[in-house]
Enquirer: 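So that we are looking at the same thing, I have put the structure below in structure tokens.
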Amino acid sequence: MELTHDWRVFHRIFYSHDSKTPVQNRPSPIGPIYVVVHQDRIVSALSDGEDFSNLVGSSYKEFSQQKSFREIIAFERDHVDSWLGTSLSLPHYFEQQEFLRTQAFQAKGKRDWTQSSKRFRPHFLLKSLQSWWRKVLPSNYGIYIRLTGTEGHVVLLVRNGMFVGFHEPDLTSFYKQREVAQKIAKDIIRAKSQEQEGLIQFFKDKYQVPFFTVFASAQDWQAWSRLSNPWVEVLQAMQKKTLKVVPFRWGVAFLLGLRAYLGI
Amino acid sequence: MVGPEVNAHPIRLVVNYWEIPQSSLGARLEELLRNGISHVATFLPWQAVESDISHSLSRFLQAVSEREMSVSLIASPEVGVHYPNSGLPKDIFNKHDPAARHSRGGAVGVHLAPNSFALPSLLSSEFSKRYQNYLSRLDNLLGDMGRLQSQLLDEATVVLTGSYWKYMRAPQDSSMSIFGSICGDFSPSASLNFRQKVEQFYSQKEFLDPNPMAAQRWKTKNMEDINRRWFYQSCEDVFRARSSQFLTRKARVRRMKHIELFTPEADPSLAYSTFVQAVSGGRADFSRLNSIVDEACRRSSNFDGEALPPYMHWTGFGSFRTLNDSEKQFLILKSLLLTGSQGGGIYLDDREWFSLSPTFRNRAENLARSLGQRELKAQPQVLYLAPSLWSKVDPLWEEIQKKLPEDSRIVSSVDRVQRERDANLVLVDPSFVMTRDQVSKLTGWVSSPQGQGRILVMPRSQLYTEAAKAELEQVISKAERLDVNLGISYQLRTLGNGKLVIYDLPEGSENKESAWQIFLNSLFSLANITHFCSVSDGRLRILPLHLNSAGLGIFIVNPSGRAVTADLIFPSEVNISDLGSLFSASGLAPQDFSQKAPTDQVAASRYALEVPPYGVLPLGVAGLKMDEVRFEMHESQKAGDVTESLRSNVADAGVNELPGHSAGEDIGALWS
């Protein structure tokens with residue numbers, strides 16, 4: 001049995017946090033302080049690398065005066081309660097989280113966010129798949145992402161721009177079918193395109209939707225994931241053949257180019 | 001008191017059977033075995049059990065059995081399960097099934113992947129019917145398995161937990177104080193259930209005294225909060241008992257274990273932090289998670305009067321995942337210390353576990369071994385008896401927390417107190433409804449021959465039945481009385497080997513805090529309770545644990561991201577030693593248990609030390625006078641036991657040997 005939504009894998013591939021940097025080496029906190037407030041009392045306060053637990057229950061007005069040199073983004077508790085309550089009726093965690101972000105963004109207005117360097121940054125690929133690309137890409141398709149140098153791999157199923165499934169695929173039957181599969185698993189980027197296409201056919205047969213496969217080095221992928229627009233680097237990696245998109249389509253390359261050089 | 005039972009697996013890796021493709025199940029288990037893991041745990045999601053057409057559970061158990069591994073099967077509905085709606089079937093959420101409501105009337109949301117969802121009302125009749133069907137189905141499944149392939153269940157333990165009850169708290173209140181509201185379901189179906197239960201409870205003969213109209217005073221609006229507390233606690237106890245009954249009808253599991261499982265990432269007090277984290281894309285609220293661990297471990301659940309081992313559950317898909325390795329390691333070690341010392345441990349996602357360094361894993365495993373063998377255990381000196389474990393309690397508890405944060409526990413059962421042997425001081429919350437039976441049991445605990453040095457503290461409140469008042473009057477009628485007024489006035493009575501304190505609740509809010517502090521100081525003095533040691537920097541915490549009842553180990557924990565230099569201050573001159581061997585494969589050496597000080601070290605009452613960021617420093621303490629005091633009290637209790645046994649033997653011999661003498665008769669009167 002495969003999980004439809006495997007959040008462990010999803011986080012590992014798209015939103016892995018740097019957990020290895022020792023505490024002592026962390027940069028001094030400079031990001032905004034996020035606060036939930038009710039009747040001038042602080043209900044919750046959070047900022048990366050800082051402990052604000054002693055602020056809970058204290059006056060927001062006094063706090064904002066003390067920290068006038070810092071960017072503070074405050075939300076009314078009643079609004080947050082309402083958003084959290086509404087989010088419960090949405091089907092998936094991804095949509096629930098997106099809903100909360102949208103509501104927060106709208107409530108504060110764009111101006112409040114301009115200085116914010118630490119606001120949630122969606123993954124570059126997920127953001128693009130949900131952008132106008134959805135109008136030119138098939139309504140129903142899958143993407144298999146394999147990161148070399150790690151055991152990370154994920155199947156992402158997309159329907160009308162929504163992520164209807166993400167999980168680690170079970171490739172056992174594929175391995176059994178093909179001897180080459182072992183080779184592919186070892187060094188997928190250098191494998192012959194015929195062998196890679198075998199994998200695509202396997203997914204097509206299994207999920208009954210068109211499939212793209214992305215083979216990239218884990219190191220590059222993590223570096224790109226930290227950037228808001230890494231598409232130039234992505235294209236360069238494709239030219240250097242350290243990134244492979246199979247099957248290669250000029251249309252897809254055109255989409256990547258638009259993102260990389262025109263930002264659309 | 002925690003039983004002496006050895007816990008072979010304080011660290012339990014969660015390997016959920018439905019997440020692993022059948023084809024790679026064997027390889028996954030082999031990999032775990034290669035890494036020295038011979039015990040795994042899996043949740044049994046309700047939906048997965050009901051729709052398991054491919055018999056994946058029995059295949060999983062088969063694979064585990066073939067490899068001679070053991071497994072814990074967590075059967076109760078729980079939060080933090082990597083399954084849609086945490087494993088609850090979809091039809092539970094249809095319009096006819098009401099959702100639970102917290103004390104402020106909102107839905108009780110659990111904000112954790114794979115989806116945030118509202119907890120159902122466990123008291124609705126629709127839920128109860130469905131739940132019983134599920135349990136029957138699971139019972140049949142395990143029963144068939146036991147009949148046809150009994151070897152599959154040989155090394156399986158069915159684990160039952162307290163389920164969702166403890167999470168039914170309003171985030172608005174919990175964010176300010178973690179257990180700062182009434183914990184319970186306020187949905188219409190639950191309220192109906194509550195009214196019926198209140199009617200039923202107060203129709204007992206004891207509440208109709210002196211006349212039937214007397215029962216009305218217990219059901220007034222003013223009593224609503226008080227009644228709700230005991231009601232929700234009794235619901236949780238009944239839920240546990242019924243789950244247990246259903247799963248022992250046909251199932252032939254050799255082992256069934258009740259535990260208290262807590263998932264900090266799903267706690268309502270984290271709701272706003274989770275929201276902020278979603279918006280900012282930042283890390284989890286480490287300090288809040290740390291506080292939740294502290295607060296949860298100060299509450300001791302029970303089943304049938306026995307303390308339940310507490311377990312902390314860290315998922316691989318919640319906010320814990322976003323923490324730095326140092327923060328994760330700190331939370332793992334701290335929760336392991338706090339729960340393992342009470343006979344419990346931690347449940348942890350296996351991928352999270354193996355993402356940590358081998359050195360850390362070795363250290364944690366070695367510490368877990370000592371905790372599991374009960375070489376290290378918590379012996380709380382103070383118990384606070386409250387009507388509900390997860391609801392807010394009287395400010396007196398807050399004051400106790402300031403003085404003895406790691407050496408006191410909230411309990412919710414008089415039977416649990418009755419079996420207590422370690423604590424010297426038991427305080428009763430003013431919102432506790434007192435019946436004759438409860439007064440009898442509590443005073444019995446303090447006046448028993450083993451009650452040397454025990455102190456029972458009861459409030460003088462309106463919540464005593466007439467029979468309870470009469471019982472108390474009778475018990476104290478012959479006891480010597482001493483009236484004291486130190487801000488809070490109280491009577492001190494000697495009961496057998498122990499003492500009973502009956503105090504008046506303070507009126508008005510002026511100087512209440514200092515009055516409580518003075519009162520507590522006098523109680524601690526009466527019960528011979530003082531700090532084992534204190535630390536000069538408030539950022540550090542001290543966890544005192546007893547080393548095989550022969551010494552004291554203290555763990556100094558630094559939950560901050562910076563190194564802290566501080567002084568460790570003891571009430572008398574002591575020798576301290578490094579208990580780093582706890583983290584090594586050899587475990588504690590015999591000399592670590594020794595009370596003797598190392599010959600080359602000079603005793604001192606103040607030690608300077610530096611604790612690294614997110615550090616846990618284990619130290620052994622030798623020569624602490626308080627150990628001697630407690631040891632003497634322990635010996636005195638033992639002597640009391642022997643005296644009582646001797647008295648009973650002499651009485652029996654008298655009945656047998658002296659003609660005309662009967663049991664209970666005054667031998668002196670007969671002689672003269």
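Being a predicted model, the structure only gives us computed values, none of them experimental. Letters A, B, ... mirror the listed sequences (proteins, then strands); counts begin at 1.
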Enquirer: Between A:P122 and chain B, which part of the residue has a heavy atom less than 4.5 Å away: side chain, backbone, both or neither?
Expert: neither
Enquirer: Is it the backbone or the side chain of B:R104 that comes under 4.5 Å from a heavy atom of chain A, or both, or neither?
Expert: side chain
Enquirer: Between the side chains of B:D267 and B:R288, is the shortest nitrogen-to-carboxylate-oxygen separation below 4.0 Å, so that they form an ion pair?
Expert: no
Enquirer: Using a cut-off of under 4.5 Å on heavy-atom pairs, state which of A:L84, A:V56, A:L100, A:D51 scores highest against chain B.
Expert: A:L84
Enquirer: Is B:F117 close to chain A through its backbone or its side chain, or both, or neither, when contacts mean heavy atoms under 4.5 Å?
Expert: backbone
Enquirer: One thing to verify: whether A:R101 and A:E98 come together as a salt bridge, which I'm taking to mean a side-chain N less than 4.0 angstrom from a carboxylate O.
Expert: yes
Enquirer: Go through the atoms of B:N16 and report whether side chain, backbone, both or neither lie under 4.5 Å from a heavy atom of chain A.
Expert: side chain
Enquirer: Any chance the rings of B:F286 and B:Y614 have centres within less than 6.0 Å?
Expert: yes
Enquirer: For B:D349, which atoms come within 4.5 Å of any heavy atom of chain A: side chain, backbone, both, or neither?
Expert: side chain
Enquirer: Could you please spell out the steps behind the ring pair (Phe, Tyr, Trp, His ring centres under 6.0 Å) verdict for B:W314 and B:Y347?
Expert: CA-CA 6 Å; B:W314 299 107; B:Y347 282 89; over 10 Å; no
Enquirer: Around B:K402, counting heavy atoms of other residues, nucleotides and ligands shown, do more than 12 lie under 6.0 Å from its NZ?
Expert: yes
Enquirer: Given that the side chain runs from C-beta out, which part of A:V36 has a heavy atom under 4.5 Å from chain B: side chain, backbone, both or neither?
Expert: side chain
Enquirer: For each of A:H11, A:H92, A:E95, A:H5, tally heavy-atom pairs with chain B at distances under 4.5 Å, and name the one with the top tally.
Expert: A:H11
Enquirer: May I ask you to decide whether B:E352 forms a salt bridge with B:R321, counting only side-chain N to carboxylate O separations under 4.0 Å?
Expert: no
Enquirer: Ion pair present between B:K392 and B:D173, side-chain N to carboxylate O less than 4.0 angstrom?
Expert: no
Enquirer: Given heavy-atom pairs under 4.5 angstrom as the criterion, report whether the side chain, backbone, both or neither of B:A107 touches chain A.
Expert: side chain
Enquirer: For A:W221, enumerate each residue passing the ring-ring contact (aromatic ring centres under 6.0 Å, His included) test, keeping only those at least two apart in sequence or located in another chain.
Expert: A:H123, A:F124
Enquirer: Heavy-atom pairs under 4.5 Å with chain A: which of B:P559, B:S177, B:S116, B:S287 has the most?
Expert: B:S116
Enquirer: Is chain A contacted by the side chain of B:T315, its backbone, both, or neither, given a heavy-atom distance below 4.5 Å?
Expert: neither
